[in-house]
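A short worksheet on the structure shown next.
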Amino acid sequence: MSRDLQFVFPLKNGFHARPASAFQELANRYASAITVVNEMSGATANGKSTLALVSTMTKEGDRCVVRIDGPDADRAADAIRMFLDETLPHCDDDLPAPAIQAGGRVPRILRDTHAAVMHGIPVSAGIACAPAHPVHARRLSLPPAAADSAGSREECERLHHALDVLESSYRSAPARRGTEAEIAKAHLSIVTDVEFRTELESGITEHGLSTGQAVIRTAERYTALLGTADSEYLRERAVDIRDVSSQIMDAAYGAPAEAHEAALTKDVVVVADDLTPSQFMGLDKHFVKGLALAHAGATSHTVILARSLGIPCVIGVPDAVLHLAAGEIVVLDAVRGIVVTTPAGPVLAFYQAEKRTQERIAQRLMVHASREARTADGTRIEVAANAASVEEAEKAFRDGAEGIGLFRTEMLFMDRGAPPTEDEQFAVYAATMRAAQGRPVIFRTLDIGGDKGVAYLGLPDEENPFLGYRAVRLYHAFQEMIDAQLRALLRASALGKAKIMIPMIASVTEVRAMRAWIDRIKEELVAAGIAFNPATEIGIMVEIPSVAFIIDQLAPLVDFFSIGSNDLTQYFLAVDRGNAKVRALYSSFTPSFLRLLRMITDGAHRHGRWVGMCGELGGKIPAVPLFLGLGLDEVSLASPGIPAMKERIAQFSAAEGDAILARALACETPEEVETALAGAAATRLSGKPLIDGSIIVLESENSAKALVIRELVSALHADGRTADPDEVEEAVWRREETFSTGIGFGVAIPHCKSAAVMSSSIAFLRPAKPFLWAEGDEDPVNMVILLAINDAAAGDEHLRIIAKLSRKLMHDEFRAKLIGAPSPSDVVAALSEAMQ
Amino acid sequence: MKIVAVTACPTGIAHTYMAAEQLAKAAKKFGHTIKVETQGSMGIENEISQAEVDAADVAIFAVGIPVLNKDRFAKIKVLEVGVQEAIKKPDAIFEQLGK
């Protein structure tokens, strides 16, 4: 019996190790011979060998045929057909897309110095300047004892023993979690690969080699094969072969001393293709100042660990980063998502200054972290964090989170071959409750499907995944899995204020069904004598617009509502924000959307229900007056933003929030809303005076226009007068390009009007060494005054004051006073007097 | 001499007012009377009327952008200079007027 199945290869990373090992696993369940032929290249592979499949170099769009020949060909063909249609297209779902190009805006100094910049995606903010420390798979070398009994039967035994040892160590890996288990599985498929084993054995039996020589020969063969692949991802997988080969070598001869990473003795930026969590944990984190990773997922465990430890990390960096020599100085800018190689002196100086600025900001904000979030007039609003792991939750509480407003449980379900057990889940939920120490934690039940696929669920491909089979809509089809999750969550409720939140609710019927489900689980727990909190709060996500219109019907059935602003916005405005052509239409500041939000919060409060917000809008600091106007009980955001969020909340009163929301609701466009918010921030901002001692620099070491401008802008940044110093700097330079702002008399007045300036400011600098502001100037400048004006401030009092100051600067005696002022407070006094 | 002047610059934050101040200072030094209108971030201030233009001997525009309500000056001799020039070398402007 034989069957042929045609298919077009669907994955953009090609037929790499992960889909190949999944295919091979299935093929090995059948007695039939299974061959994959790539019709474009003619390459043929044994379908039961991962390496053979990978070696076909099959690319996205290649036409292929699976030939099945044998007694169970029909059954095999049916299963493989299903695999090709339903599982294979999702094999790459959680891999980063190759060649990610991030925004591309870099600080001016990098452009000016033509610095070598690599772009990536910042996943853990911070800045590091240190020698590169490449971590890669070990090089294979022949142990001294390796050649003794080449070609003999003992060598065959040695090889088989080593393979067995390795296989059983990989097989025990499912006890590990997530990424680690996944890697072990990929490695297992190599060790058990028919072709790989045959290749190793024939090295000994046919070529008379020792085990070590055979391993090296086999590793070289496959890495060379993979190394010529068109797909960058495939080339990277050569690393897996080398990794497995060196482990076989260790199992055969014992691990050599240099197998262990040399201990770090000084600060480094670790550069690697990817770093397994165990590799990462093996490094002395005290010296790890940053991570630059070429192929790591934003949600990989290493990244989550780095974030929880506050180690700056950029992922998706081009492969060139792997060629950095050990000890070469690099700058890792995980604020903007760039890596600068061979940074010149000015670039290093820039980043040293940036680091000091970051430290000053952190210090300023830290006082807010430990405070309860309250408005200027004492109204309470809870500031909580979004988290997806215990580590992230722990970090969030250190950052000042007053609870976890959204714990994404789907992370536990991804990156693995089967759903987590109840106990596995309970361990994570319980650890989170312990970290919370009595603070509330809202666990969202599984939100999977749609764009977030999980291969083992075998979900079908959908034309419209966001409008399809996802979250609560698929629970009934996976009853055991959801039972286990609800049991684990209820058990965790015995340990503190755990709450359960259901995603993608659209109707009363769904809520009733979930309540009944949870009640059934509670009865089971009672019957089994297992502890839980019977009053555990049950809430729903508000992300489908229909919910906004039935709050009155839902309120009796739920304890709380949490607005998921991302999905709610895209469903409400019918805009897919992943679609570049319509992305511009997506804005959570759209006035109609704000009206919807008011309907939701008013409705919930009218019925005595708590309402929070956990979407991206909830992390937007300029939107604080809207939160207050809406009367949200809680906002939940990524934890690094928490201190700044608390600071901003303290700057507004609830009544001001009401007034600003009313104004926003009357706007016609999202841009008008944003302008209104910027204006509100400008007029209200902490009552920051136009000038104060913290934005005055005397005896500056900088004596070049570009450096001085940046120093002044950084002073504004450190003092919380702008959150986007790069944009303020650009705005100053745009003005500078119309004509230089040197006004003679040794004075320059660079200035800008920009929405990036939150609080209009006059910053002042005296260089230790006077310098020419522009080519052709006669007098060197000994005084630079930066006038940074908020865009929305037109016609306001600040401009009148600056006009007055400008006139005053034309007078010799006033300039002499500024030049001679012995301390920042004297400068403030002189300027303030002039502005009276 | 009776002089009317208008100052204006691209951002309108500072140069407009500095130039106005310089022109007023220099005019005094040369013994002229002057009225300076500023067209800056605060809008038009110290606005010059048609009657004031008609009564003046000469107008000075120290500007980096087009002057608003320019038709007021249709019948008067206008000396146009850069706003920077008015700030850095106001005296030179008045010396030129004397010629």
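Only this structure's heavy atoms are used, side chains among them; waters, hydrogens and symmetry mates stay out. Order of the sequence lines sets the chain letters (A, B, ...), proteins ahead of strands, with each chain counted from 1.
Using modelled atom types, no side-chain atom of Gln84(B) and backbone atom of Gly744(A) make a donor-acceptor pair closer than 3.5 Å.
Among residues 15-27 of chain B, the residues having any heavy atom closer than 4.5 Å to a heavy atom of chain A are, in sequence order, His15(B), Tyr17(B), Met18(B), Ala20(B), Glu21(B), Gln22(B), Lys25(B). Residues of residues 770-784 of chain A having a heavy atom under 4.5 Å from any heavy atom of chain B, listed by number: Asp777(A), Glu778(A).
Closest of all the heavy-atom pairs between Ile13(B) and Ser806(A) is O-OG, 4.0 Å. Scanning all heavy atoms of the two residues, the minimum distance from Arg807(A) to Thr38(B) falls at NH2-CG2, 3.6 Å. Across all their heavy atoms, Phe745(A) and Ile87(B) have their closest contact at CZ-O, 3.5 Å.
In this structure, Gln50(B) places its CD atom where more than 12 heavy-atom neighbours from other residues, nucleotides or ligands lie under 6.0 Å away.
Per-residue heavy-atom pair counts under 4.5 Å with chain B were compared for Ile743(A), Ile802(A), Leu805(A), and the maximum is reached by Ile743(A).
Using a 4.5 Å cut-off between heavy atoms, Leu809(A) contacts chain B through its side chain alone, with no backbone atom that close. Contact annotation for Arg735(A): only side-chain heavy atoms (C-beta onward) come within less than 4.5 Å of a heavy atom of chain B.
Taken to the nearest 0.5 Å, the OG atom of Ser41(B) stands 9.5 Å off from the NE2 atom of His751(A).
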